[in-house]
Amino acid sequence: MYRTLQQAIQAKVREVLLKKYAITVERIALEQPPSVLLGEIALPIAFELAKRLRKAPRAIAQELAPELADVEGVAAVEIAGAGYINVRFDRAAMVKRIASDEHDDVGGDGFRLLEHTSINPNKAAHIGHLRNAVLGDTFARLIRKDAYKSGWSTGVQNYIDNTGVQVADVVVGLVHLQSKSLADVHGLLLELAASGQRIDYYLWDLYARVSQWYDDDPDEKTYRRDLRLQALHQIEAGGNETAQIADLLATAVLGRHLETMQRLNIEYDFLPRESEILHLHFWDAARTVMIERGVLYEETRGKNKGCWVMRRPGAETLAEGETDDDAKVLVRSNGTVTYVGKDIAYHLWKFGLLPGKDFGYRLFREYPTHSCWISAEEGEDPHPSYGHASAIYNFIDSRQNDPQANVVEALRGMGYTEAADRYTHVSYAMVALTPRCALDLGYQISEEDRNKAYLEVSGRKGFGVKADDLLDKLITAAKAEVDTRQPELPEQERLKSATAIAVGALRFFMLRFTRNTVIAFDFRDALSFEGETGPYVQYAAVRASNILRKSDTAEVDALKAIASLDLNRFLNNKASETAKQTETGPEDALWEFWLLASRVTAVLDQAIHSAEPAILSRYAFELAQEFSNFYHSNHVLHEGNAERKQLLLATTAVARRELTRVLDWLGIDVPTAM
RNA sequence: GCGCCCGUAGCUCAGCUGGAUAGAGCAACUGGCUUCGAACCAGUAGGUCGGAGGUUCGAAUCCUUCCGGGCGCACCA
């Protein structure tokens, strides 16, 4: 609703500037005044125009202000300070419009393809992967269609590098360290399943062991590295026992990753795998296009002689006969394709720019409300298709900035500028461990590391906190709280609440930091349920529900009830007219809460445009904080004035509505009791 | 060496396209449960926004430079 007014005012200002001064202004900045006593929207436009119009800011403001008064919902416009134009809303009218959930739509045309999670399927997911998945999943919730918005048509995929060196490493571990055959690996999987153990945990340790084993004997180093390379080649080629072992493991681990993510309310639509990119020859098609379009060329001289290369972004133009030794190699001199080469082919497919190529699709997993497909050489029919995106969002950590830039550069070089512009690398900083946390977990760390602010998590070293372990720990902690607070609830209900609280705490923790802040992970902060946390927000929503329940009023009815009331005296609506007041009273506080609640669409819009879910999590916290304040200073059920009581109930209802809505976008459920 | 990111209260972080008195949480201190549940609320204390220049009516925000920290810069994947 706030956004509706913002846009109406911007449109009006634009119209008036054109009419009065015959000028246009790119962007009309709007602010929120420091206090509601000054109004709801402030325009600093007069300062900006002062030089251009050769007039004093205040004089310009005086000419513009009267013109804005007839925008619907505006009660008064006045000039403050040296030339601010402050707009005051008709509080009573606005509250009614907010109650009826009037708002601008958010959404648009075109198919948006998101990619997140993408964990190498050779070990358990850790907290670094969680940040990725939670960011990606939350963004998907922000942009897809739901009861509140039209959104965009959206697909979520999780790319699986099932033929990479990481998978080769665990295969080497099983085959060469443990002398296991394909049949033995089958047996191992059954054994683990029977004893309730997790294959991803098993491989977590094995992966760390193999990584160390490669280098721990100088005489064997070359031989062992060679085993790894052989395994990698066999896996890439397919159709042999090594590849079958790899596939068995990767699929089993993938299944575990999906289970872990589902615990956090994270689901996928499609799982494209590198094996299909190789076997369906995506690269061949991409190579043809890239050569045709002059992006890919064979280097005949210099250090990259015999390779097929492309220029890097920002590379300077070459003089006649000059060689670019800094060019990015896409095909090695031995004819094999590099990672970036495959990635370019894959991204051409995403945009539907790879002629005649698509994955085969097989059903992989059923979620309660939709299905998840996986790539296959030969698919089933009918099936969905996820290429042909008009915009893509890749959730990949900031260490991949350069490779990602190469892919965009390739698209641009091929002349696909629109695709390049609609390619968003949503980059974020890593999750690291504080040295104290590492010590608590029993890791040995050097004196030097002990003094660092944080230590990088590493799957290869087996250094990190596993996602499931953290979630288990959170559930245990939440359960203990629920058990003491809600002893009368049945065990199953308590566990359900505890789970919702744990997920809320974890998702909120991953979302409260802006993307380029390194999260220095610490159990004390992550396990906290107080202050700026998910449970705090959930608690506010639960309290709102309880108040409505005790008053025997449904949310919708509470909101409908105020439609016919005269709200002026309860909202200090006279403040809409004058600037006489110097101190805020309880009526202003009430209005302030409604105003905050009315900003959802504006906040959502901002979070989408900057691909920054932290904006929304912060807003959720603010809402919860203001509502907590509200129910402490207003005893809703004991309110003596019947009409004011209805307004207080409506306030509670709007709090519940918005908190639930925003928490849902954050992927967090509201427990029935906590 | 080159590129990207970060430096804001004791600690962890917000601060949207430059705008009115720089905000939260945690920790500390004070007060509040016979009240719609205290996973809460109110209050106190705490900051030369890394340093120095510059642009601007106006800078935590933009530019330059320096200092400190992190991450990337393979025919690895």
Side-chain angles (χ1 to χ4, degrees), chain A residues 26-31 33-35 38 42 44 47-48 50-51 57 80-84 86 120 161 163-166 168 229 232 274 299 303-304 306-309 312-314 326 328-334 336-340 342 397-403 405 427 429-430 432 452-454 456 478 481-482 485-486 501 505 512-520 522 524-525 528-533 535-536 538-540 542-544 546-551 602-603 606-607 609-610 612 614-615 618 621-622 625 628-629 631-639 648 652 673-674:
Chain A
E26 272 297 304
R27 209 184 346 245
I28 292 155
L30 297 185
E31 297 166 28
S35 154
L38 294 170
F47 298 110
E48 205 179 315
K51 198 169 268 181
Y84 277 104
N86 287 345
N120 285 318
D161 185 2
T163 55
V165 72
Q166 290 87 351
L229 203 62
L232 180 61
E274 183 165 82
E299 186 55 86
K303 75 177 176 87
N304 294 330
C307 298
W308 287 77
V309 303
R312 286 179 196 271
D326 189 43
K328 178 71 200 166
V329 173
L330 299 190
V331 182
R332 303 180 189 106
S333 52
N334 67 6
T336 56
V337 191
T338 63
Y339 175 81
V340 173
K342 282 180 270 193
D397 84 70
S398 58
R399 285 168 288 192
Q400 302 284 326
N401 283 352
D402 285 353
S427 109
M430 64 180 171
K452 289 187 173 171
Y454 48 79
E456 189 171 357
E481 285 293 323
V482 176
R485 288 158 195 266
Q486 307 289 341
I501 293 163
R512 52 179 287 219
F513 304 93
T514 49
R515 286 191 279 108
N516 48 19
T517 299
V518 174
I519 300 181
D522 199 295
R524 191 193 51 193
D525 297 335
S528 167
F529 297 154
E530 287 164 15
E532 194 176 340
T533 65
Y536 174 94
Q538 290 171 309
Y539 186 76
V542 169
R543 294 294 307 274
N546 286 348
I547 293 171
L548 290 172
R549 199 185 60 238
K550 293 217 167 164
S551 76
V603 173
Q606 199 189 332
H609 278 98
S610 48
E612 186 57 274
I615 292 172
R618 184 153 283 270
F621 176 65
E622 260 178 78
Q625 211 174 23
S628 300
N629 183 329
Y631 72 65
H632 269 89
S633 37
N634 294 279
H635 289 243
V636 179
L637 300 184
H638 296 163
E639 173 61 40
L648 296 185
T652 307
M674 63 187 284

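Residue numbers start from 1 in every chain, and the chains themselves are labelled A, B, ... in the order their sequence lines are given, proteins ahead of strands. Note that these values count all heavy atoms, side chains included, but never hydrogens, waters or copies made by symmetry. A quick note: this is a predicted structure, and the numbers were derived from the prediction, not measured.
If you check every strand for non-hydrogen atoms under 4.0 Å, A/Asn120 touches nothing. Residue A/Gln486 is classed as a base contact, given a heavy-atom separation below 4.0 Å to a base. Using a 4.0 Å heavy-atom criterion, one finds that A/Gln166 contacts the sugar-phosphate atoms exclusively. Contacts of A/Ala429 with the nucleic acid, taken as non-hydrogen atoms under 4.0 Å apart, are absent. Among the heavy atoms of the strands lying under 4.0 Å from A/Tyr536 are primed sugar atoms or P, OP1, OP2 only; no base atom is included. Among the atoms of the strands shown, none is found under 4.0 Å from any heavy atom of A/Val337. Residue-level contact check: A/Asn86 touches the bases, meaning some heavy atom is under 4.0 Å from a base atom. Looking at heavy-atom distances under 4.0 Å, A/Gln606 makes contact with a base. Within the 4.0 angstrom heavy-atom criterion, no nucleotide atom of any strand lies near A/Gln400. Within 4.0 Å of A/His638, counting heavy atoms only, lie sugar-phosphate atoms of the nucleic acid but no base atom. Note on A/Arg543: a base of the nucleic acid sits closer than 4.0 angstrom, heavy atoms only.
A/Lys51 has a side-chain polar atom (N or O) that falls below the 4.0 Å cut-off from OP1 or OP2 of B/C57. In terms of phosphate contacts, A/Tyr539 brings a side-chain nitrogen or oxygen within less than 4.0 Å of OP1 or OP2 of B/A39. In this model, the phosphate group of B/C6 is approached by a side-chain N or O of A/Asn516 to a distance below 4.0 Å at OP1 or OP2. In terms of phosphate contacts, A/Lys550 brings a side-chain nitrogen or oxygen within less than 4.0 Å of OP1 or OP2 of B/G37.
Counting heavy atoms from C-beta on, the side chains of A/Val636 and A/Ser551 never come closer than 4.5 Å.
Note that NZ of A/Lys328 is 9.5 Å distant from CG of A/Asp402, once rounded to the nearest 0.5 Å.
Between the side chain of A/Arg515 and the backbone N or O of A/Ser427, at least one donor-acceptor pair lies under 3.5 Å. A side-chain donor-acceptor contact under 3.5 Å links A/Thr533 to the backbone of A/Tyr536.
Looking at residues two or more places apart in sequence or on another chain, you find no salt bridge (Lys or Arg N to Asp or Glu O under 4.0 Å) involving A/Lys303.
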Are any protein N/O atoms closer than 3.5 Å to N/O atoms in nucleotides 8-13 of chain B? If there are, list each pair with its distance.
{"from": "B/C13", "atom 1": "OP1", "to": "A/Val518", "atom 2": "O", "distance (Å)": "3.2"}

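Here the shortest heavy-atom pairing between A/Ala520 and A/Tyr454 reads CB-CB, 4.1 Å.
Under 3.5 Å, the side chains of A/Arg549 and A/Asn546 contain a donor-acceptor pair of N or O atoms.
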